[in-house]
Amino acid sequence: QVQLVESGGGSVQAGGSLRLSCAASGYTERTYWMAWFRQAPGKEREGVASIDTGGSTFYAASVKGRFTISRDNVKKTLYLQMDNLKPEDTAMYYCAAAPYGLTAIQALSNDRYRWWGQGTQVTVSS
């Protein structure tokens, strides 16, 4: 089993920045792909960014150029640097991990990830 715990959420004004962290524990050698998802009230959960153990990354079009995903395999921590935040970025952000390789199409798909954190709230005001 893998446990994931997110932190770093909060409230910022539009144009501001936040850095989310996700600490992994348990059988972390199985966290081949890791990703950030988000879910706004009344909307479906969507993939934001993903990364594999080698550093290959994928981003949703809505955040490309503003968000940066990274991971520290020694510290077993996943990060999401969010810059130039917009009100539409307001959501609960979740960390997720998968124990196998994923294709570009699968990398931001909900159903490809086995382990999930509890989420951290991000609120962006205009």
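Rounded to the nearest 0.5 angstrom, Tyr93 OH and Arg45 CZ are separated by 14.0 Å. Separating the CG atom in Asn110 from the OH atom in Tyr94 is a distance of 10.5 Å, to the nearest 0.5 Å. Rounding to the nearest 0.5 angstrom, the gap separating the CZ atom in Phe58 from the NZ atom in Lys64 is 9.5 Å. Considering CG of Leu4 and OG of Ser25, their distance stands at 7.5 Å, rounded to 0.5 Å. Note that CH2 of Trp33 and OG of Ser50 are 4.5 Å apart. Values are rounded to the nearest 0.5 Å. Distance CD/Glu6 to CG/Leu80: 11.0 Å, rounded to 0.5 Å.
The number of heavy-atom neighbours closer than 6.0 Å to CD of Glu88, taken from other residues, nucleotides and ligands shown, is above 12.
Proximity of a side-chain donor or acceptor of Ser109 to a complementary backbone N or O of Ile105 within less than 3.5 Å is detected. Thr120 places a side-chain N or O within 3.5 Å of a backbone atom of Gly9 that can act as its donor or acceptor partner. Remark: the backbone N or O of Ser125 is not paired with any side-chain donor or acceptor of Gln13 at under 3.5 angstrom. A donor-acceptor distance shorter than 3.5 angstrom exists from the side chain of Asp52 to the backbone of Ser56, with no hydrogens or angles considered. Judged purely by atom type and a 3.5 angstrom limit, Thr90 uses its side chain to pair as donor or acceptor with the backbone of Val124. Gln39 places no side-chain N or O within 3.5 Å of a backbone atom of Met92 that could act as its donor or acceptor partner.
A tilted orientation is assigned to the rings of Phe37 and Trp116, their planes being inclined by 30° to 60°.
Remark: the Ser17 side chain and the Asp83 side chain contain an N/O donor-acceptor pair separated by less than 3.5 Å. For the residue pair Trp115 / Gln1, a side-chain donor-acceptor distance below 3.5 Å is found, with atom types taken as modelled. Between Arg66 and Asn84, the side chains place no donor N or O within less than 3.5 Å of an acceptor N or O (distance only, hydrogens not considered).
Contact between Gln106 and Gly101 at its shortest, heavy atoms only, is OE1-O, 4.4 Å. Of all non-hydrogen atoms in Tyr59 and Ala49, the two that sit nearest each other are CD2-CB, 3.6 Å. When all heavy atoms are compared, the tightest approach of Ser70 to Leu78 is O-CD1, 3.3 Å. Residue Ser126 comes nearest to Pro87 through the heavy atom pair CB-CG, 3.9 Å, listed as atom of the first residue, atom of the second, then distance. Shown here for Thr123 and Gln121, the closest heavy-atom pair between the two residues is OG1-NE2, 3.5 Å.
The cluster map of Ile, Leu, Val, Met, Phe, Trp and Tyr, joined by side-chain heavy atoms under 4.5 Å apart, puts Ile69 and Val48 in the same cluster. Follow the hydrophobic side-chain contacts under 4.5 Å out from Phe67 and you never reach Leu108; the two are in separate clusters.
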* Kindly indicate, with the supporting measurements, whether the criterion side chain to side chain contact (heavy atoms under 4.5 Å, CB included) is fulfilled by Arg38 and Val63. => CA-CA 12 Å; Arg38 67 186 181 187; Val63 306; 3.9 Å; yes
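Within the cation-pi definition used here (under 6.0 Å to the ring centroid, within 45° of the axis), Arg71 does not qualify as a partner of Tyr79.
Here the side chains of Lys76 and Cys22 are not in contact, with every heavy-atom distance at 4.5 Å or above. For the pair Leu20 and Val122, the minimum side-chain heavy-atom distance is below 4.5 Å. Side-chain contact between Tyr100 and Leu102 is present, with heavy atoms from C-beta onward closer than 4.5 Å.
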